[in-house]
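Heavy atoms only: backbone and side chains are in, while hydrogens, waters and symmetry mates are out.
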Amino acid sequence: MSDRSNFLTRSVEWLRAGYPTGVPRQDYIALLGLLRRKLTEDEIRQIAKDLAAQSLLSDDPISGEDIETMISDSMLQEATPEDVARVSAHLAAGGWPLADPPTA
């Protein structure tokens, strides 16, 4: 397994740890916006598909098409500071590395 593939797998595990009962609909925009800092568009889309599949077990399921629409409509840029803080707390609880690596 490549380092990148391993990172993607760990990302999904962090999401499940940070959101053990599933991601609430209001957190998707901020969540995907934060993930964009570390992941490619294809990786974001794969995670979106995984989250949609996982949401089928929740009280508020979301389809892959709904998430794709959020991505396509560039709603990722509209997360409020409160949304980002709430989602960041969930990700940190799951062990997500929120700090960007230092640039040389």
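- Within the model, atoms CG of D42 and CD1 of I47 stand 11.5 Å from one another, a figure rounded to the nearest 0.5 Å.
- Considering all non-hydrogen atoms of both residues, A52 and S63 come closest at CB-C, 3.8 Å.
- The pair D83-R86 counts as a salt bridge, with a side-chain nitrogen and a carboxylate oxygen less than 4.0 angstrom apart.
- Of all heavy-atom pairs spanning Y19 and Q54, the tightest one is O-NE2, 4.2 Å.
- When all heavy atoms of P20 and A17 are compared, the closest pair comes out as CD-O, 3.5 Å.
- Listed by chain and number, the residues in a side chain to side chain donor-acceptor pair (under 3.5 Å) with E43 are R4, T40 (sequence neighbours excluded).
- Under the side chain to side chain donor-acceptor pair (under 3.5 Å) criterion, Q46 pairs with D50, not counting sequence neighbours.
- The CD1 atom of I62 sits 11.0 Å away from atom CG of L56, with the distance rounded to the nearest 0.5 Å.
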